[in-house]
Amino acid sequence: MSEQTLSNLSREERRFEPPADLAADANVKAEAYARAEEDREAFWAAAAERLDWGQKWDQVLDWSDPPFAKWFVGGTINAAVNCVDRHVDAGRGDKVALHWVGEPEDDTRDITYAELKDLVSKAANALTDLGVKKGDRVAIYMPMIPEVVVAMLACARLGAPHTVVFGGFSADALASRLEDCEAHVVITSDGGYRRGAASALKPAVDEAVEKTGDLVRNVLVVRRTGQDVDWHEGRDVWWHDAVDSASAEHEAELHDSEHPLYVMYTSGTTGKPKGILHTTGGYLTGTSFTHWEVFDLKPDTDVYWCTADVGWVTGHSYMVYGPLANGATQVMYEGTPEKGRWWQIVQDYKVTIFYTAPTAIRTFMKQGREIPDGYDMSSLRLLGSVGEPINPEAYVWYREVIGGDRCPVVDTWWQTETGQIMISPLPGVTAGKPGSAMKALPGVGADVVDDEGNSVPDGSGGYLVLTKPWPAMLRTLWGDDQRFKDTYWSRYPKQGFYFAGDGAKKDEDGDLWMLGRVDDVMNVSGHRLSTTEIESALVSHPKVAEAAVVGAADETTGQAVCAFVILRESAGDGGPDIVEELRKHVQKEIGAIAKPRQIMVVPELPKTRSGKIMRRLLKDVAEHREVGDVTTLADSTVMDLIKDKEGSAASSEE
Ligand code: WTA
């Protein structure tokens with residue numbers, strides 16, 4: 001990045017104060033910032049005290065060999081005991097841990113903490129019988145059913161790091177992860193329900209296991225759909241045979257605080273996937289504390305729902321470990337957000353805290369507010385957003401339509417690597433600005449810096465860095481310390497900053513606005529422009545449902561802004577002047593410099609299975625290249641639809 005800073009173009013004047021009752025009774029109040037600043041380690045030690053430890057730690061943080069951190073050195077702890085047993089021991093065994101909702105109507109299960117304890121203990125015994133020992137890696141490839149939570153916690157209980165692979169990944173992707181972490185056991189199911197039908201999972205496991213030679217010894221299979229499966233005698237074991245008959249008594253060992261808890265592979269980048277390693281004590285401290293802090297969890301009265309799939313880090317930190325360590329009651333849903341279903345669940349279970357992604361919110365905006373307006377969602381009191389920058393229009397829609405204009409929205413910035421939320425408003429403290437993640441949480445050090453690592457002044461942009469170690473930070477990349485150093489720590493060696501790979505700007509108040517990955521930042525005529533900012537401008541137009549912007553090579557301006565937009569259903573085809581209308585709109589919202597050179601109205605956008613837009617492919621279209629590798633797309637036919645559009649647009653111009 002040049003010395004010149006990112007343009008700071010958008011203006012957002014709206015502010016939302018915290019509701020008075022929430023502020024008065026908030027778990028974390030404004031004093032926490034100063035307290036953490038004064039003694040960061042004492043702050044995190046207090047957060048760790050919320051958990052049950054065996055041996056207490058001797059040292060809060062060992063940062064003598066950066067970037068390899070050790071937290072709560074000398075402490076011993078069991079993550080599963082903290083997530084389950086201790087709530088039962090405290091007399092809360094009858095409390096519901098999971099309100100599980102299957103995709104087929106009326107297919108539900110409520111699981112109490114006492115029941116969860118028995119299930120986890122049985123599964124731990126069953127895994128032990130299959131030869132799983134402390135330190136062994138176990139792969140999990142499952143739909144959103146309660147057994148996936150049980151499986152993860154059983155692994156944690158044994159100290160066998162799990163690697164959960166998202167059920168939408170291919171057999172190849174699964175195989176490469178099995179190989180990278182050398183997993184000898186895979187836990188899966190026959191299938192799961194998605195979009196009204198049973199979809200198979202086991203065939204992909206069979207294929208992946210085949211590909212990896214004799215690496216995998218056993219496949220433990222949950223029967224979910226009852227569909228036919230190929231059976232490999234001696235290797236495959238039914239969950240209901242192995243787990244149901246196992247003893248519900250299991251003595252949990254206390255593991256070292258730095259014992260590996262799990263490996264999570266990050267998707268989307270080229271080459272070998274990166275296996276992010278998280279360990280036990282610090283991770284559980286960081287996730288449970290921030291879950292209680294940012295969502296203001298009141299375990300006795302709240303019903304919490306995080307819609308993320310367990311195959312992503314959000315599912316790990318804010319569906320499994322954080323909420324369960326806090327003894328929360330939560331909803332878990334198997335299916336996809338078909339029209340109205342989510343709101344039906346909010347109504348049925350009286351959900352109070354709801355955490356989802358901007359891409360989902362924009363999809364609902366596109367469908368129209370009549371759908372959510374048909375449900376009683378008055379139980380909601382707090383809304384969260386994660387995964388990508390939330391544009392102000394989506395934020396305000398979320399707040400007004402889903403949150404009834406009464407719930408604060410916490411826009412939470414973090415990564416697979418950070419393990420825990422790092423930058424977010426505090427719901428009882430912060431006056432939220434739509435589109436801003438606001439500032440680093442107490443005890444977290446974040447800054448926006450230039451190429452040399454100098455902090456940029458308010459009103460400027462640059463690179464987001466994390467300036468201090470934090471408890472749930474990744475410890476390394478599985479089996480690749482060098483790549484860990486190169487990827488995250490080599491950019492600012494002098495300062496020792498963690499390089500997040502995100503662009504950000506500080507507004508005039510010093511609040512943070514995330515601008516997306518730095519590779520999504522364009523340089524147009526020497527001006528740095530953020531794809532996010534332009535997308536946000538496009539989406540603020542009443543006819544636009546979703547937008548993706550890329551910087552395409554341009555002879556005169558270096559790069560030019562190319563936009564792909566999906567129109568709202570109510571906008572029809574947008575009318576004959578839609579392109580000019582939208583160009584003018586961007587000009588009005590941001591300035592002439594941001595006016596797209598080209599706008600294509602398309603029926604769909606290419607997205608990865610986790611919902612991230614693959615701008616690389618759009619760039620290929622914008623630069624009239626052969627479209628590259630589409631194998632990580634959720635729907636690989638999308639690019640054909642877009643190319644068809646381009647073909648017809650080009651011919652009509654001629
Ligand atoms: C992006 C998901 C803006 C960011 C927890 C980050 C966000 C990447 C936000 C990590 C947010 C996540 N505002 N951008 N609130 N949350 N991101 O590893 O680019 O799947 O680097 O972790 O998502 O994605 P990951």
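For reference, positions follow the sequence shown, starting with 1. Remember, it's a predicted structure, so these values are computed and weren't measured experimentally. In each ligand, atom 1 is the first atom listed, and ligand 1 is the first ligand listed.
- Of all protein heavy atoms, the one lying nearest to atom 10 (C) of ligand 1 is W414 O, 3.6 Å.
- Atoms of ligand 1 lying under 4.0 Å from at least one heavy atom of D411, given by number and element, are 11 (C), 13 (N), 15 (N).
- Proximity of the aromatic rings of H162 and H316 is defined here by a centroid distance below 6.0 angstrom, and this criterion is met.
- Inclusion of S385 in the set of residues having an N or O under 3.5 Å from an N or O of ligand 1 is not warranted.
- The closest protein non-hydrogen atom to atom 24 (O) of ligand 1 is K612 NZ, 3.4 Å.
- Only the backbone of E388 comes within 4.0 Å of ligand 1, counting heavy atoms alone; no side-chain atom from C-beta on gets that close.
- For atom 25 (P) of ligand 1, the choice among I423, T416, V386 with the nearest heavy atom turns out to be T416.
- Between T314 and ligand 1, not a single N/O pair is under 3.5 Å apart.
- Remark: R491 is positioned above the aromatic ring of Y463, its terminal NZ or CZ atom under 6.0 angstrom from the ring centre and at most 45 degrees off the axis.
- Aromatic rings from Y318 and W414 are positioned such that their centres are separated by under 6.0 Å.
- The single protein non-hydrogen atom nearest to atom 3 (C) of ligand 1 is P389 N, 3.1 Å, given as residue, atom name and distance.
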Test log, rule side chain to side chain donor-acceptor pair (under 3.5 Å), inputs Y265 and D180: CA-CA 10 Å; Y265 287 90; D180 192 67; 2.7 Å; yes

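- The aromatic rings of Y262 and Y321 lie parallel to each other, their planes meeting at an angle below 30°, with 60° marking the opposite boundary.
- For ligand 1, the atoms closer than 4.0 angstrom to any heavy atom of T412 are 9 (C), 11 (C), 15 (N), 16 (N).
- The distance from atom OH of Y333 to atom CD1 of I145, rounded to the nearest 0.5 Å, is 14.5 Å.
- Considering only non-hydrogen atoms, atom 16 (N) of ligand 1 lies nearest to G387 out of G387, S436, A437.
- The side-chain heavy atoms of R194 and E334, taken from C-beta on, include no pair separated by under 4.5 Å.
- For a threshold of 3.5 Å applied to N or O pairs, the pair formed by E417 and ligand 1 contains no separation below that value.
- Under 3.5 Å, the side chains of D481 and T476 contain a donor-acceptor pair of N or O atoms.
- The closest approach between a heavy atom of D502 and any atom of ligand 1 is below 4.0 Å.
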